[in-house]
Number of protein chains: 2
Amino acid sequence: MSHHKVISLESIRIACRNCSLSSLCLPMGLAPDDVERLDEIVKRTRPLHRGDFLFRDGDRFRSLYVVKTGSVKTFAPSPEGGEQVLGFHLPGEVIGLDAIDKDIHACSAKVLETSAICELPFTRLEELTATIPSLQHQMFRLLSKEIGHDTDMLLLLGKKNAEERLAAFLLSLSKRLHKRGLSATDFYLSMSRHEIGNYLGLAVETVSRLFTRFQDDGLMNVDRKHIQLLDVGMLESLVGGAGQNRRQQQQS
Amino acid sequence: MSHHKVISLESIRIACRNCSLSSLCLPMGLAPDDVERLDEIVKRTRPLHRGDFLFRDGDRFRSLYVVKTGSVKTFAPSPEGGEQVLGFHLPGEVIGLDAIDKDIHACSAKVLETSAICELPFTRLEELTATIPSLQHQMFRLLSKEIGHDTDMLLLLGKKNAEERLAAFLLSLSKRLHKRGLSATDFYLSMSRHEIGNYLGLAVETVSRLFTRFQDDGLMNVDRKHIQLLDVGMLESLVGGAGQNRRQQQQS
DNA sequence: ACCGTCGCTTGATCTGGATCAAGCGAAGAT
DNA sequence: ATCTTCGCTTGATCCAGATCAAGCGACGGT
């Protein structure tokens, strides 16, 4: 599109080839030529700001979205008028996969902080996957990974107590940030306590109390949105559920 | 494989083309020629019996499995030694999608009653999807549908109370059985109360009490595994959560 | 600089559903 | 035919976390 020499204002539009996320994102493991072809269908919009929507539930499904910088939350309306936060999405993560089937978005995606987003028109993407087997495989893996993640969340919501849930949440965030070259132990939360609680199936008050408790126990420092994990090992053992000896789980 | 005229013992091995599930299963919407090609890679094993495993968590991922008749449950181990039931699978439903990414099964699949299962070696399936765009699309939809279903479960586990969960479970079962040509209001449960409770994040006792209550309220008849839904409309309104006026949900 | 709102914390109380406990009937084992 | 086990039900009690209530400090707007 831009055949000008002007690249200053185009700096936002980093090609996949030069994007630091290429190892986490769709291009992962693709041949350079194929990355190039993928790159051609990616739309890169101007940065979005806190509160902007990528799409709303009920919208026609047209594109997948990939977070380039910033963060996004997805949430589904519940029949009673409330909502369930389904996920917080970091750079390299793909959003909208659940809409391929019904062709209608069943959830909304809202930007949590100023973020750059790549848009992949799905019809064009499907044309590519049909001719690039490794990209097809990548898409299958991506979809499968999402299922695996949901499965983890089902286990979390179905079997874990408040303490285990929050510890798991913090560690998941920590790991994902670390993969993106950020500190695993010192980071800022882009979402509110309310959103964390909603995501984890807990009341805000419970989340707040647990932050306080974890801090008192020397597991972490909390200052507003600023988090420092002090004892990752202990947090991990909390998730394991060995915290207190809970009754042997039902074997159905 | 069988070029004999003997078809009696081969009757189990119904080709996709003749299978009554073709409209629900992978072949859905495929051209007859393509169904034929798909059919060639399907392995049809002898019937499995209650308690048999399709695969166990930790197993290498090789194939997807489709229920032809009977039912299957999938469940994941939790670190404490318990397990979380992830789903109950009816004819036409595909199992194992979560393992494509990691190449290792993270959950186990166990047959709940005598069942016929089709096995689809994934490598061969991927070769097909690469040459049959409509099959590729079908696979994307299938994976996406699974994500959508998981999303529904997250909402259920995160926001709904015991009553709403059980009502939702019964209605989901009812709808799915109906799609398969069975009665929507009169059916047998192939899973135990324990398994239902585990799936819904509830104790067995709670499930049992709710069955009793629903029966007392004239919503259904329960006799052991035999279920008759008497007031589907009321069950639906229970799921909506309008049962009692619960506090307006958090908007995060 | 001031104000109003909002997000967060902390304390007190309440409750849905878990846990504990006991018994019963059906299905499979010997 | 009898025993044993297992799945289910029902009652009593308990508790993690929700809900209710109150205050506080940060931040955006004017």
Side-chain angles (χ1 to χ4, degrees), chain A residues 49-51 73 80 82 85 112-114 156-167 188-216 220-227 238 241 243-252, chain B residues 49-51 73 80 82 85 112-113 156-167 188-216 221-227 238 241 243-252:
Chain A
H49 301 98
R50 175 168 182 80
K73 78 160 175 176
E80 301 87 60
V85 173
L112 288 171
E113 61 191 314
T114 302
L156 184 136
L157 291 179
K159 293 280 173 293
K160 296 190 183 292
N161 65 25
E163 188 178 77
E164 293 163 341
R165 293 181 197 189
L166 190 62
Y188 284 80
L189 299 175
S190 60
M191 70 295 289
S192 70
R193 304 284 194 271
H194 211 117
E195 288 165 327
I196 296 172
N198 186 314
Y199 178 58
L200 297 175
L202 301 172
V204 205
E205 294 93 328
T206 304
V207 173
S208 181
R209 275 186 254 269
L210 282 171
F211 272 144
T212 306
R213 171 136 61 92
F214 283 175
Q215 188 165 41
D216 291 348
M220 61 187 298
N221 279 333
V222 186
D223 175 36
R224 280 263 158 200
K225 306 274 193 188
H226 184 201
I227 300 293
L238 276 189
Q244 309 300 318
N245 48 346
R246 52 165 43 202
R247 184 157 88 112
Q248 181 67 351
Q249 283 289 325
Q250 44 198 348
Q251 298 294 333
S252 41
Chain B
H49 301 98
R50 176 170 181 79
K73 78 161 174 175
E80 301 87 59
V85 173
L112 288 171
E113 61 191 315
L156 184 135
L157 291 179
K159 294 278 173 292
K160 296 190 183 292
N161 65 25
E163 188 179 78
E164 293 163 341
R165 291 181 198 191
L166 189 63
Y188 283 79
L189 299 174
S190 60
M191 70 296 289
S192 70
R193 305 284 195 270
H194 210 118
E195 288 165 326
I196 296 172
N198 187 314
Y199 177 58
L200 298 175
L202 301 172
V204 205
E205 294 93 329
T206 303
V207 174
S208 181
R209 275 186 255 269
L210 282 171
F211 272 144
T212 306
R213 171 136 61 92
F214 283 176
Q215 188 166 41
D216 291 349
N221 278 334
V222 187
D223 175 38
R224 281 262 158 201
K225 306 274 194 189
H226 183 202
I227 300 293
L238 276 189
Q244 309 300 320
N245 48 347
R246 53 165 41 203
R247 185 158 87 112
Q248 181 66 352
Q249 283 288 325
Q250 43 198 349
Q251 299 293 333
S252 39

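Every chain is numbered from 1 and lettered A, B, ... according to where its sequence line falls, protein lines coming before strand lines. Only a predicted model underlies this, so the values are computations on that prediction, with no experimental measurement involved.
E163(B) has its CD atom 15 Å from the C1' atom of dT15(C), to the nearest Å. F214(B) has its CZ atom 13 Å from the P atom of dT9(D), to the nearest Å. Y188(A) has its OH atom 14 Å from the C1' atom of dA26(D), to the nearest Å. Between H194(B) atom NE2 and dC6(D) atom P the separation is 13 Å, expressed in whole Å. Nucleotide dG25(D) holds its C1' atom 7 Å from the CZ atom of R224(A), rounded to whole Å. Taking atom CG of residue D223(B) and atom P of nucleotide dG25(C), one finds them 14 Å apart after rounding to whole Å. Separating the CG atom of L200(B) from the C1' atom of dG16(C) is a distance of 16 Å, rounded to the nearest angstrom. In this entry the distance linking NZ of K160(A) with C1' of dA16(D) reads 17 Å, nearest Å.
Distance alone, capped at 3.5 Å, is enough to place a donor-acceptor pair between the E195(B) side chain and the S192(B) backbone. A donor-acceptor pair is defined here as one N or O able to donate and one able to accept, closer than 3.5 Å; such a pair exists between the side chain of K225(A) and the backbone of M191(A).
Comparing dC8(D), dG7(C), dG17(D) against the side chain of S192(B) picks out dC8(D) as the nearest.
The shortest distance between the side-chain N/O atoms of K225(B) and the OP1/OP2 oxygens of dG7(D) is not below 4.0 Å.
Annotation: the span from R165(A) atom CZ to I196(A) atom CD1 amounts to 14.5 Å, rounded to 0.5 Å. The CZ atom of R193(B) sits 11.5 Å away from atom CG of L210(B), with the distance rounded to the nearest 0.5 Å. We find the CG-CD distance between N221(B) and Q215(B) to be 5.5 Å, quoted to the nearest 0.5 Å.
Under the rule for a side-chain hydrogen bond (donor to acceptor under 3.5 Å, both in side chains), the partners of R213(B) that lie at least two apart in sequence or sit in another chain are E163(B).
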With the criterion being N/O to N/O and under 3.5 Å, what pairs connect the protein with nucleotides 10-14 of chain D, and how long is each?
residue: dT10(D); atom: OP2; partner: T212(B); partner atom: OG1; Å: 2.6
residue: dG11(D); atom: N7; partner: R209(B); partner atom: NH1; Å: 2.8
residue: dG11(D); atom: O6; partner: R209(B); partner atom: NH2; Å: 3.4
residue: dA12(D); atom: N6; partner: R209(B); partner atom: NH2; Å: 3.4

